[in-house]
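Computed from a predicted structure; not experimentally measured. Per chain, numbering begins at 1; letters A, B, ... match sequence-line order.
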Amino acid sequence: MDILDGLNPAQRQAVETIEGPLLILAGPGSGKTRVITHRVAYLVRKCGISPHHIMAVTFTNKAANEMKERLQTLLGSAVQELTMGTFHAICARILRRDGAEIGLDSHFVIYDEEDQQNLVKQSLQGLDLDPKKFTPRAVLSAISAAKSQLLTPQDYAKQRRTYFDEVAQRVYERYEERLRQSKALDFDDLLMKTVQLFQEREKVLSKYQKRYLHILIDEFQDTNVAQYMLAKQLAAKHHNICVVGDPDQSIYSWRAADLRNILNFEKDYPDAKVVFLEQNYRSTQTILETASGIISSNRQRKRKRLWTENEAGEKVIVFEAYNEQEEALFVVSEVERLSKQGTARPQDCAIMYRTNAQSRALEEAFIRYGLPYRLVGATRFYARREIKDVIAYLKLIHNPYDTVSLSRIINVPPRNIGQRSLEQLSNWAQAFGVPLYSALQVLANQEASSETTSSAKHPFSPRIAKSLLSFLSLLNDLIEESQKLGLVELLDEALKRTGYREYVLAEEDGEDRWDNILELRTVASQYKEMPPQEALTAFLEGVALVSDIDDYDTKANAVTLITLHQAKGLEFPVVFIVGLEEGVLPHRRSFDDPAQMEEERRLCYVGVTRAKKRLYLVRAFRRSLMGASTANAPSRFLEDVPHRLVASPQPDVASTKTLVYYASPATPPPLAEPAFKAGEQVRHAQFGQGIVIGCQPISDDQEVTVAFKGTTGLKRLLVSLAKLERI
DNA sequence: CGAAAGGCTCTTTTT
DNA sequence: GAGCCTTTCG
């Protein structure tokens, strides 16, 4: 098969233009992914470029994996040679290998946002500031923005304007110092340090420049200054840089993405060729026109003409519910109706919303009516406390200087090292300017030699000193074990020695939490092929850089619940956008900033253009936000949907007049008949006898809660799996 | 020292 | 409505 077969002229041009800079402006549904994969295949198969010399940067790991899968069929095992991943993942690899050149320890740990916030909190302490005015969150966001623009604390100092800037700058300095002590890098460092490495070490840069003859970057509209600089550095030798994006789909400016990267690409690369992909293969005429209607009100944009040969298709359905419960009910009954009709299966449908909090009402409705659903994100596996605790142990084993992780688990499970003791330890360490781990070792030496060397003598009571030392030896033992044990064995050993299992099981939801840990163990077991040390590094890196969307599996037989941001790059036959209200979408935080308001509009545009066949725009008249229920006006975006595209009876979306369109008289599907009733006596093969407490539908199954005799206690089981026997 | 309870503030979006 | 922090008590 020829690689160019089945491509339209513009797509073909995008694939064949391999020399020099290339900007591909790709409208939604224009076959962008297809172009990128075919371009890579073309480079390898037609131009004889080794995959080793190609770098492709994607926005998520998921996108990278999918692309690899597709290329597998075109290239076979040579795919492994490609450098493919997010900027963050690629940079982490580079720094692990060559970071020593700029003084980085190859055992650096990666700090996620929670870790960062803890560190900012620590750095704020002792500055004697109004904690209301200078929240860790706000300060961190300033620091992160600075780093995304490659501003060091010194650079930041030069351009600070307000008192807040001054404070943020001082915290930034302390924060950096602590990161360094902990041998840790935060997300932004991964980019910034790589840029720095390339700036300061010509040899290293040149090595990578020589290697990467071709560089491809997807979702270019969402890159920040640091990422842009990185691309520029890497491409400086060969100039074969191909960027793909769509300014209308730029939705990450709050994460310091800079639209100017794509808008000014042609200025920075004067010899750049530009290809427009404007034919849409995804959506119906109606959906595409709806999208155009919405986006064309933005003033800061290049006009472009999207078109499609697809049929007009179904009208857009606009629905106003009374409140979020009714909104959810409407969605559920529509999904049910479509699937009864055979029009769409549950997995063909997606429900998109502006904020994670909105998923709750939807979830409740789905559970209540026993419809299968799949929630992307929100539950954030790796953000769970027990998972973070266990990972903190592993991070510490990997790099004991990691002060954030050490502070996190020094008293988890409780070992008599309370806040005050930790504070004492921290102050003492700070006085020496060393990480907590080093301080603990100094303490150990002092205790061992029993000599009382004047000023530096530790401040701890004998009892506390004993607790601290026993923690230190626990940690040291585990570090020693890590030399010989495989990853899973190491994890087990850590859990055993710390007594974490007993600790977690004693809590409320202990069973669930323990199950989560077992799931983490399963993830760890996937690294068994590697040598132990390497496995630990790879595991921690993987864990640090995953995103919620990464393990989203489209095959499950379930409706997808997803934020508009996460929906970028996906497509569904049926899309519901809910919460189309002033204050929600657009979000109220964008009211006073026209640029942000335009981004809200783009977000809405992204949502609409995910739909292939059917689009529902749904809003609620009242909605409870933060406890209180408020009435909201219809979203201004609804006004931009041409009336002729909306299902009759014509809703007058411009007015606040109520409704309009009812899908079949809302007949809520009957509750599935519970398989068990409370009070029934049952027997389980493993847990023995018990009494049923309750039973409720969950996805396409039922969950039964049983109180078992003896030590087992309360268990929640899936009816289909548990094989409960009535007695 | 730590567990429990009560009161406070926020909530966009996330690699 | 929840997570976070502070307070209080054992």
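With rounding to whole Å, E114(A) atom CD is found 12 Å from dG3(C) atom P. In this structure, the CG atom of L603(A) is 11 Å from the P atom of dT13(B), given to the nearest Å. In this structure, CZ of R463(A) is placed 7 Å from C1' of dC1(B), rounded to the nearest angstrom. A straight line from CG of D222(A) to P of dT13(B) spans 16 Å, rounded to a whole angstrom. Rounded to a whole Å, the NZ atom of K62(A) is 16 Å from the C1' atom of dT14(B). Distance Y228(A) OH to dT15(B) P: 24 Å, rounded to the nearest Å. Per the geometry, OH belonging to Y605(A) stands 24 Å off P belonging to dT13(B), to the nearest Å. Protein atom CG of L140(A) is 12 Å distant from nucleotide atom C1' of dT14(B), rounded to whole Å.
The pair K32(A)-D246(A) does not meet the salt-bridge criterion, since no charged nitrogen lies less than 4.0 angstrom from a carboxylate oxygen. A salt bridge does not link E324(A) to R622(A): none of the charged nitrogens lies less than 4.0 Å from a carboxylate oxygen. By the 4.0 Å N-to-carboxylate-O rule, R588(A) lies too far from E582(A) to be salt-bridged with it. A salt bridge links K388(A) to D115(A): one of the charged nitrogens lies within less than 4.0 Å of a carboxylate oxygen. Salt bridge status for D402(A) with K183(A): absent, with no side-chain N to carboxylate O gap under 4.0 Å.
Side-chain proximity of K121(A) to dT13(B), dC5(C), dC1(B): nearest is dC5(C). In the set dT14(B), dA3(B), dC1(B), dC1(B) carries the atom at the smallest distance from any side-chain atom of R420(A). Considering only the side chain of H88(A), dT15(B) comes nearest among dC1(B), dT13(B), dT15(B).
When heavy atoms are screened at a 4.0 angstrom cut-off, L585(A) is found touching no nucleic acid atom at all. As judged by a 4.0 angstrom heavy-atom cut-off over every strand, F87(A) is placed among residues making no nucleic acid contact. Across all strands shown, Q227(A) has no heavy atoms under 4.0 Å from either base or sugar-phosphate atoms. Residue R385(A) is out of contact with every strand shown, counting any heavy-atom pair closer than 4.0 Å. Note on D112(A): nothing from the nucleic acid sits closer than 4.0 angstrom, heavy atoms only. No engagement by R602(A) is indicated, since no non-hydrogen atom pair under 4.0 Å with the nucleic acid exists.
Listed pair N411(A) / dC1(B) fails the phosphate criterion, with no side-chain N or O lying under 4.0 Å from OP1 or OP2. For dT13(B), the OP1/OP2 oxygens have no side-chain nitrogen or oxygen of Q566(A) closer than 4.0 Å. Between N356(A) and dT13(B) there is a side-chain polar atom (N or O) within less than 4.0 angstrom of OP1 or OP2. Taking side-chain N and O atoms only, S421(A) has a distance below 4.0 Å to OP1 or OP2 of dC1(B).
Residues N416(A) and E599(A) each lie close to DNA chain B; by heavy-atom proximity, the contact nearer the 5' end of the strand is made by N416(A). Remark on DNA chain B: of its neighbouring residues I417(A) and L625(A), the 5'-side contact belongs to I417(A), judged by nearest-heavy-atom nucleotide. Nearer the 5' end of DNA chain C, as judged by each residue's closest nucleotide, is the contact made by R360(A), out of R360(A) and Q419(A).
In this entry dT13(B) has no Watson-Crick or G-U wobble partner, no candidate having both defining distances under 3.5 Å.
Taking the six-membered ring for Trp and the full ring otherwise, the centers of F637(A) and Y605(A) sit at least 6.0 Å from each other.
Aromatic stacking of W254(A) on dT13(B): satisfied, with centres closer than 5.5 Å and planes within an angle under 30 degrees.
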